[in-house]
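A note on names: the letters A, B, ... follow the listed sequences, proteins ahead of strands, and every chain is numbered from 1. As the structure is a prediction and not an experimental result, all values here were calculated from the model.
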Amino acid sequence: MTDRFVYVTYIRTTPEKLWDALREPEFTRAYWFGSWQESGWKKGSSWKLLGRDGNPSASGEIVEIEKPKRLVMKWRGEKSPEQQAEGYSTCAYDIQALAGGNVRLIVTHEIDRPNSAVIRAVSGGWPMVLSNLKTMLEGGEIPVTDRMSACSPKQAGEAVRA
Amino acid sequence: MPDRFVYVTYIRTTPEKLWDALLDPEFNKLYWFGAAMHSEWKQGAPWKIVLADGRTADSGEILEIEKPKRIVIKWRNEFMPELKAEGWSRCTMELEAGADSVKLTVTHEIDKPGSKLIEAVSGGWPKILSGLKSLLETGKPLGDLAPVRADAG
């Protein structure tokens, strides 16, 4: 049985700008509460999500990459022994260009087991991260303090765990 | 077993502005593809969504309302027989103030598995709430969300 989190958001931007925003470290830090990713961004490349303290929050590898449409990675949560013990989840980004200068982004994060700690954590984190991403791509500012602390201390903790 | 759709979005606004954006039918039309909710917004008051062409899409009543924090609506589809036959669902909108944004959680649920209504609203809510966030943050709605046709390049 699979545990899965799916989030769909519509953003006023181009597939290319969204693609860059999903990978570029400085941009990523601004909407992902100080986190960024390290990868060679090729099929089979290793991949890491680093927290703002430099410690890995998640690690894995690139499973599929098709610019600017689809990116799939193997993702193991590294924030707790419980997450590590669950092994690899899969995170897929699917990007579709829409009429009207908009883009649909679907994030599907799933793991081949029920009641997953990783899926529970990312279910709280993705809506915050993707809300920030949408704000920034549509021209809004994420205040510097907020880049670190999310909406409240409790929510920031959830984001960091994600 | 209930069927349920949950969507969370963080919007850079105040709970009061978000509350007004949710309840004002003229504002609704800007991000809800021309549709609007109509109600006196009191507990027990009737509630409906009217489409741009005047048809009633959904109807029901206000089960709970606490400004500017929480609205619970008893909700039945009215214009698609297969969905109408499923009877009453429940839609909860919760607003939580943060430092400079508001967490909006929409939970739409029905007391049966494999619901076509929940499937339908699962496609609709992300469009509506993405448009609402854009409108409140940038002053502009998202506009057309139809896929780009392959033959249009």
Side-chain angles (χ1 to χ4, degrees), chain A residues 4-15 31 33 68-69 94-108 120 122-156 158-159 162, chain B residues 1 3-15 18 30-33 94-108 118-153:
Chain A
R4 178 184 294 136
F5 175 77
V6 181
Y7 195 87
V8 181
T9 182
Y10 294 82
I11 306 176
R12 187 189 296 126
T13 189
T14 65
Y31 67 80
F33 308 104
K69 289 185 177 168
D94 284 288
I95 297 170
Q96 184 182 19
L98 305 175
N102 297 309
V103 170
R104 183 183 71 184
L105 170 64
I106 304 177
V107 174
T108 306
R120 195 161 55 243
V122 301
S123 299
W126 279 123
M128 281 187 270
V129 169
L130 298 172
S131 291
N132 272 353
L133 171 64
K134 176 172 159 70
T135 296
M136 286 193 65
L137 282 168
E138 293 183 357
E141 288 278 328
I142 308 293
V144 173
T145 51
D146 223 34
R147 295 181 188 188
M148 299 298 182
S149 65
C151 295
S152 73
K154 178 171 166 284
Q155 288 158 2
E158 287 167 1
Chain B
M1 197 162 84
D3 199 359
R4 177 181 295 136
F5 174 76
V6 181
Y7 195 87
V8 176
T9 182
Y10 294 82
I11 304 179
R12 294 187 172 272
T13 187
T14 63
L18 178 54
L30 299 175
Y31 64 87
W32 210 314
F33 307 103
E94 289 173 291
L95 293 70
E96 295 171 58
D100 53 7
S101 63
V102 181
K103 179 183 182 185
L104 171 64
T105 305
V106 173
T107 304
H108 205 140
I118 298 302
E119 186 184 330
V121 300
S122 300
W125 279 122
K127 291 181 186 172
I128 292 162
L129 299 173
S130 292
L132 171 60
K133 176 173 162 72
S134 292
L135 185 57
L136 283 170
E137 292 186 355
T138 72
K140 285 191 291 183
L142 276 181
D144 198 347
L145 296 178
V148 173
R149 293 196 349 254
D151 62 358

Restricting to non-hydrogen atoms, name the atom on [X] and the atom on [Y] that form the minimum distance, rounded to 0.1 Å.
| X | Y | answer |
| --- | --- | --- |
| A:Leu98 | B:Val148 | C-CG2, 3.2 Å |
| B:Pro141 | A:Arg12 | O-NH2, 2.7 Å |
| B:Tyr10 | A:Pro127 | CD1-O, 3.7 Å |

Self-check item: chain A interface, residue from B:Gly143, B:Gly123, B:Pro147 that has the most non-hydrogen pairs under 4.5 Å
Solution: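 Most heavy-atom pairs under 4.5 Å with chain A: B:Pro147.
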Exercise. Heavy atoms only, distances under 4.5 angstrom: which of A:Ala97, A:Ser131, A:Gly100 has the most pairs with chain B? Name it, please.
Key: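 Maximum pair count with chain B is reached by A:Ser131.
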Quiz item: Would a 4.5 Å heavy-atom cut-off, applied to side chains only, mark A:Glu138 and B:Leu142 as touching?
Solution: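 Yes. Closest side-chain heavy atoms under 4.5 Å.
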Quiz item: Can A:Thr9 and B:Lys133 be counted as having a side-chain donor-acceptor contact under 3.5 angstrom?
Solution: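 No donor-acceptor contact under 3.5 Å links the two side chains.
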Practice problem: Look up atom OG in B:Ser130 and atom CG in A:Leu105, then write down how far apart they are to the nearest 0.5 Å. | Solution: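 Nearest 0.5 Å value for the OG-CG distance: 9.5 Å.
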Quiz item: Side chain of A:Asn102, backbone of B:Asp144: donor and acceptor closer than 3.5 Å?
Solution: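 Yes.
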Quiz item: Can you say whether B:Thr138 sits under 4.5 Å from chain A via the side chain, the backbone, both, or neither, judging by heavy atoms?
Solution: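 Side chain only.
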